[in-house]
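Predicted model only: the values in this text are computed from it and were never measured. Quick note on labels: first sequence line is chain A, next is B, and so on, each numbered from 1.
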There are 2 protein chains.
Amino acid sequence: MHAKTTESPVRLAAETWESLFRAQVAVMRRLQAAPAFKALALNEYDVLFTLSRCPSGWLRLNELNDNVLLSQSSLSRLVERLEKRGFVERTPAPEDGRGILIRLTDAGRELQKQIGREHVRDIAALVGPALSAAEQQELLRLTEKLRAAVAAR
Amino acid sequence: MHAKTTESPVRLAAETWESLFRAQVAVMRRLQAAPAFKALALNEYDVLFTLSRCPSGWLRLNELNDNVLLSQSSLSRLVERLEKRGFVERTPAPEDGRGILIRLTDAGRELQKQIGREHVRDIAALVGPALSAAEQQELLRLTEKLRAAVAAR
DNA sequence: GCGATTTACATGCATTTGCATGTATCGAAG
DNA sequence: CTTCGATACATGCAAATGCATGTAAATCGC
């Protein structure tokens, strides 16, 4: 019997996670080196990107926090910096006096688009040659399934 | 024709990467919250882990840097902190007067094992219920292929 | 409907991080 | 052998980050 099929479920899960994590590190290291991220840290871009994908245009701070690997306080200050630089606006949430709503300004939307175009090209240049289209679709499916399962708990 | 099959290669690659990245964020957020990481940041644990998996026991600083998403200077100081806490040792590299070699101390190895056991359980508890064994093996294969392709360039 | 608990976000402060640069060694070219 | 550029790691310093905590609003229990 093949080794992979006899190893314990716990070990398989650990190896799978480690492989996913190392792949993320390897790709991210390349992406971060792009000239576009001289102007804006990757976490900052990520916030602009998430806002750009939001149908209503407005997001709560804690909704943003689900997408980014940052503590609540760090995200709070990151958004504060983006506001000072004129890339996002903040407004008290109408239905909840504790909350704030955030959206892109025109300048923020423009910057996101500009960096986004280059970023997408960089991603394609790294991922495209590495995996076939079918493999990419399968990787997309598996990671989305994993994310959904983890978020649901 | 299905939408997924008609989308451009560039778009597919970008969506695949985003999905992988979001999954990594979702899982990492849970793992970081474990009590074990009160004593040791995840990046610090990662260095101990990488050293524990090294056959010779010794690694160069720049070899370590390939595994961790940290700048060279940050890793230099991270190792300095680990040395002060007694978890690693540093020695000038014998074959290269510029380099240093790092290895675990007994205390470091013990701490890595202890945190590692809990960490592996946490991983299994998150990944195990999310994906079947066959899916995990496929995810492992795809992420390893991606990592190898990116590292090779 | 009122006090107690929880949730959302902000802020003080110590630690960590990255960028730019410094120091020392290595390797290549002549 | 000498010089010049590249590589490996360390360090000064400003900025970012996380933890603990603060403030204010919402929600829960009775």
Side-chain angles (χ1 to χ4, degrees), chain A residues 25 28-48 50-51 54 58-85 87-103, chain B residues 25 28-48 50-51 54 58-85 87-103:
Chain A
V25 168
M28 188 61 87
R29 187 173 280 291
R30 296 307 195 91
L31 294 176
Q32 277 185 336
F37 295 111
K38 291 283 186 185
L40 207 63
L42 212 138
N43 278 336
E44 293 171 333
Y45 169 75
D46 202 7
V47 166
L48 299 190
T50 303
L51 288 170
C54 167
W58 294 100
L59 278 178
R60 290 284 293 266
L61 197 56
N62 63 10
E63 294 175 305
L64 271 175
N65 216 152
D66 294 336
N67 283 318
V68 185
L69 206 54
L70 275 180
S71 68
Q72 177 268 319
S73 60
S74 297
L75 179 60
S76 177
R77 277 189 266 239
L78 188 155
V79 168
E80 186 181 44
R81 291 194 299 273
L82 289 177
E83 186 184 31
K84 268 180 192 147
R85 294 221 262 162
F87 300 137
V88 303
E89 275 180 308
R90 299 206 288 192
T91 291
E95 300 298 321
D96 187 337
R98 300 164 301 178
I100 63 165
L101 292 172
I102 301 146
R103 75 166 171 185
Chain B
V25 168
M28 188 62 87
R29 186 172 279 292
R30 297 308 194 89
L31 294 176
Q32 277 185 334
F37 293 112
K38 290 282 185 183
L40 207 64
L42 211 139
N43 278 335
E44 293 172 333
Y45 169 75
D46 202 8
V47 165
L48 298 190
T50 303
L51 288 169
C54 167
W58 292 101
L59 277 178
R60 290 285 293 265
L61 197 55
N62 62 10
E63 295 175 304
L64 272 175
N65 217 153
D66 294 335
N67 282 317
V68 185
L69 205 54
L70 275 181
S71 69
Q72 177 268 318
S73 59
S74 297
L75 180 60
S76 177
R77 278 189 266 238
L78 188 156
V79 168
E80 185 181 44
R81 290 194 299 271
L82 289 176
E83 186 183 32
K84 269 178 193 150
R85 294 222 261 161
F87 300 136
V88 303
E89 275 180 308
R90 301 207 287 190
T91 292
E95 300 297 321
D96 186 339
R98 301 164 299 177
I100 64 165
L101 292 172
I102 301 146
R103 75 165 170 184

Closest of dA10(D), dG18(D), dT17(C) to the S76(B) side chain is dA10(D)
Practice prompt. Apply side chain to side chain donor-acceptor pair (under 3.5 Å) to S76(A) and S73(A), showing your working.
Written response: CA-CA 5 Å; S76(A) 177; S73(A) 60; over 6 Å; no
DNA chain C nearest-nucleotide lookup for D96(A) and R81(B): closer to the 5′ end is D96(A)
- prompt: Checking side chain to side chain contact (heavy atoms under 4.5 Å, CB included) for the pair F37(A)/Q32(A): CA distance, chi angles, key distance, verdict?
  reply: CA-CA 6 Å; F37(A) 295 111; Q32(A) 277 185 336; 5.6 Å; no
Separation of dT11(C) atom P from E80(A) atom CD, nearest Å, is 6 Å
D66(B) atom CG is separated from dA8(D) atom C1', nearest whole Å, by 13 Å
L75(B) CG to dA8(D) P, in whole Å, measures 13 Å
Of the listed dT17(C), dA10(C), dG18(C), the closest approach to the N43(B) side chain comes from dT17(C)
Between Q72(A) and P94(A), whichever has its closest DNA chain D nucleotide further toward 5' is Q72(A)
| query | Do any side-chain nitrogens or oxygens of S74(A) fall under 4.0 Å of OP1 or OP2 in dG18(D)? | reply | yes
Taken to the nearest whole Å, CG/L59(B) to P/dC9(D) is 11 Å
Within the modelled atom types, does a donor on one side and an acceptor on the other bring the side chain of S73(B) and the base of dC19(C) under 3.5 Å apart? yes
Can a side chain N or O of R60(B) be found less than 4.0 Å away from OP1 or OP2 on dC9(D)?
yes
Looking only at heavy atoms, the pair that brings P94(B) and L101(B) closest together is CD-CD1, 3.5 Å
Remember a base hit wins even if backbone is also touched, and classify R77(B) as base, sugar-phosphate or nothing at under 4.0 Å, heavy atoms. base
Applying side chain to side chain contact (heavy atoms under 4.5 Å, CB included) to R85(B) and E44(B), what does each step give before you reach the verdict?
CA-CA 11 Å; R85(B) 294 222 261 161; E44(B) 293 172 333; 3.6 Å; yes
Are any of N62(B)'s side-chain N or O atoms less than 4.0 Å away from OP1 or OP2 of dT7(D)? no
Contact under 4.0 Å: S71(A) side-chain N or O vs dG18(D) OP1/OP2: yes
F37(B) CZ to dC19(D) C1', in whole Å, measures 17 Å
Rounded to whole Å, the CG-C1' distance (L70(A) to dA15(D)) equals 14 Å
Taken to the nearest whole Å, CG/L40(A) to P/dA16(D) is 11 Å
note: E63(B), atom CD; dA8(D), atom C1'; distance rounded to Å ~ 12 Å
- Message: Main chain of V68(B), side chain of R29(A): is a donor-acceptor contact present, judged purely on distance under 3.5 Å?
- Response: yes
Closest to the 5' end of DNA chain D, once L78(A) and R98(A) are matched to their nearest nucleotides, is L78(A)
